[in-house]
Each structure stands twice: as C-alpha cells, then as structure tokens.
Amino acid sequence: MCSQHLRRILVPLSNPAHSARLVDQVLTQAITNGLSHATPTWNCILRAYSNSPTPIKAILIFNHFFIKKSSNIPDNYTYPVLFKACSCSLSLLPMGKGLHAHVTKTALDSDIYVGNSLIHFYGRMALFTDARVLFDKMPFRDVGSWNTLMSIYNDFSDSGEVLILFKQLIFEGIVADKITLVILFSACARLEKLHYGKTVHCYATKVGLEYMLNMENALLLMYAKCKEMDEALRLFDEMGSRRNIVSLNILINGYIDMELVDLAREVFDEIVDKDIVLWRSMMHGCVKAKQPEEALELFKKMIDEGVTPDEEVMVSVLSACSSLSNLQYGRLVHRFILQNNITQDAFVKTALIDMYSKCGSLEEALVTFYKTDCKDVVTWTTMIEGLANYGLGNEALRVFYQMERKGIKPNEATFVSVLAACRHSGLITEGCQLFRRMGGVYRVQPTIEHFVCLVDLLSRAGLLYQAEEFIKIMPAEDKFISYKALLSACITYSEFDLGKKVANNMMKLGNQSHEAYVLLSNFYALEGHWTEVAEARRNMKELQTRKKPGNSIIDLKHY
DNA sequence: AGGGTTACCC
C-alpha cells in the first residue's frame with residue numbers, strides 16, 4: 001500500500017479501534033518490507049494510534065522510527081499528536097517533558113497547535129502553573145488556546161478560574177466560539193452560577209450561537225444543576241428532535257437530584273436504547289432514594305438486556321445490598337464481579353468492604369480489606385467504621401494507627417468513624433486525644449458530628465461537667481444538638497442541677513426551643529418533679545409549638 | 001503529497 005493511499009483512507013476513518021487495526025497491518029508491512037514513509041504519513045499513523053484505545057503505541061512507534069532512525073524528522077504536525085498520546089497516562093510525564101525540550105530547541109513551540117497541545121498536556125498532568133506559564137508566554141494565541149486552558153481548569157482544577165479567563169478573553173477582544181460557551185456553561189453548572197449562566201445564554205442567543213447540541217446539553221445541565229427544572233424542561237422541549245441520550249440523562253439526573261425519582265424513572269422507562277450511563281444514573285438514583293429493591297431489579301433487567309455493567313454500576317448494586325442487609329445477595333454480587341472480570345478498583349473494593357460489614361459478615365469485610373492493595377482514605381475509613389459498628393473500638397483504633405503509619409492522611413469522615421468507635425467502646429482518653437490530633441496535626445475542622453461524638457462520649461462516661469465545658473467552646477450553631485446529647489446523659493445519670501442548667505441554655509438558643517421543653521419535661525418527669533413538668537408543658541404551649549407524637553422517644557434513643 | 005489542538009452525560 002502506498003503512502004498516499006494510506007493517508008487517504010486513514011484520515012476520514014472515524015472508528016479509532018478500526019483505524020488502529022488497519023495501521024497495525026500497514027506497520028507490519030513496513031517492518032517486513034523495509035518500507036519507509038515520509039513524515040506526513042508517519043504523522044497519520046501516529047494520529048491513528050493516539051486516538052486508539054492504546055495511545056502508548058504512538059509513543060513506541062515514535063521512539064522506534066524517529067528517535068532510533070534519525071532519517072525521519074518530526075515536524076509541527078507530529079508533536080501535537082505525541083503530546084496528546086502523552087496526556088493519557090501520568091507515567092508519560094518525563095516523555096512529554098523530553099518532547100517539550102525538543103520542541104523548544106527546534107523553535108516549533110511558536111506553532112499554535114503545538115502550543116495548545118502542550119497546554120493540554122501539562123493540564124492533564126495536573127501541572128496547572130506550567131500550563132498557565134506556557135499560555136501566558138505564547139507569542140500567538142487563538143480561541144483554541146483559551147478553550148484548552150479553560151477546559152483544563154474546569155475539568156481538573158477550579159471552575160471559578162474559567163469565569164475569570166472568560167472575562168479576560170472578552171477584554172482582549174477575542175471572539176468566543178461554540179466550544180468556549182460549552183465550557184463556560186459547564187463551569188456555571190458546576191459552580192451553580194445560574195445568574196451568570198443566564199446572562200451568557202442571552203448573549204449566545206443574540207449572536208445566534210445557540211443551536212448546537214453540545215451547547216444545548218451544557219445549558220440543560222446548568223439549569224438542572226441549579227435546580228431550575230422548569231427552565232430545563234422548557235429548553236428540553238425547544239430542543240425537539242435535536243436532543244439525544246445525553247440530554248435525557250441530564251434530565252434524569254436533575255430529577256434524581258431533586259429527589260423526584262419517580263419522574264426520573266418515567267423518563268428512563270420511555271427510552272428504548274439505553275446506554276450504560278443511563279443505567280448507571282438510574283441505579284444510583286434508586287440507591288440514593290433508599291429504594292434498594294428497585295436498584296437490584298434494574299440490575300437484573302440490565303443484564304437481561306445484554307448491557308455489560310461497569311465498576312460504577314457494581315458500586316450501586318453493592319450499596320443496595322448493604323442497605324437491604326442481604327448477605328446472600330451481596331455474596332452473589334461479589335461472585336458476579338469475579339466471574340465477569342470487573343476491575344476491583346478502590347471504589348468497588350470499598351463498596352465490598354462496606355457491604356460485608358453492613359450485612360453482618362465482619363470476617364469477609366476484613367478479608368477483603370486485607371486483600372486490597374489500592375487502599376485510599378475511603379477504604380480505610382470504611383473498615384474503621386465497620387469495626388466501630390461491631391463495637392470493636394480498640395480494633396478500629398488499631399486500624400486507624402496502621403493507616404497513619406502508612407502515611408495516609410485521615411479526613412473528616414475518618415475522624416467521625418474513629419470518634420464513633422471511641423464512643424461505642426467508651427475509650428475516653430483516646431477519644432479526647434484523637435479530637436486534639438484532628439485539629440492540631442491534621443488541620444481538619446471539627447464539624448457537628450465530631451462534637452456530638454465527643455460530648456456523647458464524655459456524657460456517657462459520666463463526665464458531664466467536662467462535656468458542658470466543652471460545649472461552651474463550640475460554635476453557636478452546633479451547640480443545640482450537643483446540649484441535647486448532654487441533657488439525655490443528665491437524665492441517665494440523674495444530674496438534676498446540671499440538666500436544668502443545660503435545658504435553660506438550650507432555650508436561650510432560640511428557634512428550636514420546643515425540643516428543649518420536650519426533653520426538659522421528660523427530664524422532670526423522670527425525676528418526679530411534676531410541677532416542673534407542668535410548667536415546661538405550659539411554656540411549650542406558649543411558644544405555640546407542638547411536638548410530633550413519639551419524637552422525644554426517638555430523640556432519647558438516638559442520643 | 002499535505003495532515004492538527006480545544007467540547008456534552010458519571
């Protein structure tokens with residue numbers, strides 16, 4: 001096959017896997033017959049590989065046919081393709097940097113395409129300052145340069161930066177294109193900046209840019225994420241036959257976000273050709289809406305329809321098993337994962353550990369945990385939480401210290417689990433120590449959950465006055481719920497004076513004071529102080545607040 | 001001989 005012919009068929013080929021297969025054949029021919037290509041033809045081959053499922057091949061071929069055989073000289077068309085291939089894996093950072101040096105030496109970095117692909121490459125490597133410096137130093141920039149930088153910030157760093165860049169773009173007199181607007185709407189969706197997005201929408205309508213599917217989808221997403229479903233639906237109708245499966249998915253996720261699963265399901269059921277993303281969304285929606293049975297039913301349906309589940313679907317299925325506490329199902333799902341060669345990434349592993357501990361098999365949870373190589377903070381936290389729920393406080397702490405030794409930084413949730421472990425097992429010294437470590441060493445800002453844990457730990461141990469002192473230093477908005485925990489403890493330990501003081505403090509806090517009266521009257525009742533019970537009830541009536549029946553029982557059980 | 005960078009849903 002001659003070079004010209006090869007190029008003519010490679011260029012329009014849209015299926016990356018197909019073109020890569022074709023290129024494989026051409027390459028074998030080239031190697032066996034010693035056929036040499038001109039740089040444009042090589043560029044074509046490299047491009048086919050960089051778009052294929054195995055972009056690394058582009059790099060390998062470049063190393064073999066350009067670096068080793070220096071008869072081929074890369075040009076300004078070669079480098080963008082290579083940088084794109086290098087963007088696919090973090091391990092290719094040194095390779096990309098080497099190519100960058102080469103580009104600078106040969107002065108090809110003034111080429112806009114080369115520059116843009118370099119920005120993209122550094123952005124994908126999470127080296128945002130490098131990307132930014134390159135952008136600022138470019139002798140010539142086009143809309144593409146701006147789009148590249150903006151999309152990098154949007155996808156991997158800070159969406160707020162996109163809005164700042166857009167302002168700058170307008171200021172410099174650059175004309176935004178459709179892609180700029182897609183990125184901008186997507187940033188507005190993430191930031192939930194409805195007003196800003198609407199203004200840009202008007203601008204887009206004025207310049208007549210609005211009819212482009214991706215842009216309409218980005219807009220749709222923006223309205224859905226901002227919970228403006230009326231506006232989203234209006235746009236959806238307006239799109240008419242232009243809408244696609246992505247538009248439907250946005251709508252479904254919008255309903256799910258607003259806790260309208262039934263509406264989401266209605267849209268879902270109408271769709272004939274469902275792709276994996278739709279199944280993923282719908283199953284996640286069921287799990288989120290506490291409908292685990294429906295999630296499992298959907299899973300069966302999905303398999304029946306011949307759709308291959310992915311890792312994210314399996315996470316939803318496992319979490320459905322967890323909330324049903326159905327160990328049999330859970331084990332079946334585990335077996336399914338093994339039999340269908342589904343990658344057990346950190347997410348799947350964590351879901352398995354969570355499932356086993358919530359379904360009552362701590363042994364299997366532990367086995368899965370210790371068999372996991374890729375443990376992240378969430379994996380460790382899930383295991384700690386599991387142990388804590390089994391009342392194995394000391395074991396939970398041991399796992400926590402093990403995690404620290406491995407150099408994994410605990411987060412907010414980790415401390416909730418580990419403090420809960422202390423609380424369940426009455427580990428007072430450890431709990432207080434960990435609480436100090438949280439702020440002092442790890443700079444994790446304590447939240448209401450941490451406070452409640454600690455107050456509860458102290459109160460249950462009968463250290464009620466320490467708990468009260470502790471609440472005094474808490475932020476005002478967290479005090480009420482902590483006082484509630486303390487008051488319950490006062491009831492348990494018959495600490496009449498402190499209880500009265502706590503109840504008074506609660507009432508001073510304002511709006512939720514009816515709850516304070518309910519607890520207070522229960523408190524007096526237990527103490528047999530019936531006059532005070534009557535007084536508390538009277539005060540409650542004066543507040544014109546009525547408690548819902550049974551509420552106080554739940555409150556007491558809970559704390 | 002004559003080719004490219006940047007975009008939507010999880």
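Note that this is a predicted model, so its numbers are computed, not measured. Convention: sequence-line order gives letters A, B, ...; per-chain numbering from 1.
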Can you tell me how far [atom2] of [N] sits from [atom1] of [X], to the nearest Å?
| X | N | atom1 | atom2 | result |
| --- | --- | --- | --- | --- |
| A:N217 | B:dC10 | CG | P | 11 Å |
| A:K225 | B:dC8 | NZ | C1' | 12 Å |
| A:Y79 | B:dG4 | OH | P | 19 Å |
| A:R47 | B:dG4 | CZ | P | 5 Å |
| A:D155 | B:dC10 | CG | C1' | 13 Å |
| A:I152 | B:dT6 | CD1 | P | 9 Å |
| A:N154 | B:dC9 | CG | C1' | 14 Å |
| A:I183 | B:dA7 | CD1 | P | 6 Å |

(message) Cation-pi check for A:F121 against A:K84: NZ or CZ below 6.0 Å from the six-membered ring centre and within 45 degrees of the axis, yes or no?
(response) no

Residue [X], side-chain heavy atoms: nucleotide from [options] that is nearest:
| X | options | answer |
| --- | --- | --- |
| A:A38 | B:dG3, B:dT5, B:dA1 | B:dA1 |
| A:V182 | B:dA7, B:dA1, B:dT6 | B:dA7 |
| A:V114 | B:dC8, B:dG4, B:dC10 | B:dG4 |
| A:N76 | B:dG4, B:dA7, B:dC8 | B:dG4 |
| A:Y77 | B:dC10, B:dG4, B:dA7 | B:dG4 |
| A:M212 | B:dC10, B:dA7, B:dT5 | B:dA7 |

(request) Please report the closest heavy-atom contact between A:D345 and A:C374, naming both atoms and the distance. (result)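 Heavy-atom minimum between the residues: C-SG, 4.2 Å.
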
N or O in side chain of [X] less than 4.0 angstrom from [N] OP1/OP2:
| X | N | answer |
| --- | --- | --- |
| A:N244 | B:dC8 | no |
| A:T148 | B:dT5 | no |
| A:K84 | B:dT5 | yes |
| A:H120 | B:dT6 | yes |

(message) So does A:R47 get a backbone contact from the side chain of A:N51, meaning a donor-acceptor N/O pair under 3.5 Å?
(response)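 Present.
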
(message) So for A:D75 and B:dG3, does any side-chain atom that can act as donor or acceptor lie under 3.5 Å from a complementary atom in the base?
(response)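 By the distance-only test, yes, there is a pair.
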
(message) Looking at the base of B:dG4, is there any donor atom on it, or on the side chain of A:D111, that sits under 3.5 Å from an acceptor on the other one?
(response)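 Check passes, donor-acceptor contact within cut-off.
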
(request) Please lay out, stage by stage, how A:F369 and A:W380 fare under the test ring pair (Phe, Tyr, Trp, His ring centres under 6.0 Å). (result) CA-CA 8 Å; A:F369 178 74; A:W380 287 92; 5.2 Å; yes

At 4.0 Å (heavy atoms only), tell me whether [X] reaches a base, stays on the sugar-phosphate, or touches nothing.
| X | value |
| --- | --- |
| A:D177 | nothing |
| A:D275 | nothing |
| A:L221 | sugar-phosphate |

(message) Testing the 3.5 Å rule here: is there a donor-acceptor pair between the side chains of A:N249 and A:S281?
(response)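 Yes.
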
(request) Using the side chain to side chain donor-acceptor pair (under 3.5 Å) rule, take A:Y122 and A:H100 through it: C-alpha gap first, then chi angles, then the decisive distance, then the call. (result) CA-CA 10 Å; A:Y122 280 109; A:H100 184 188; 2.7 Å; yes

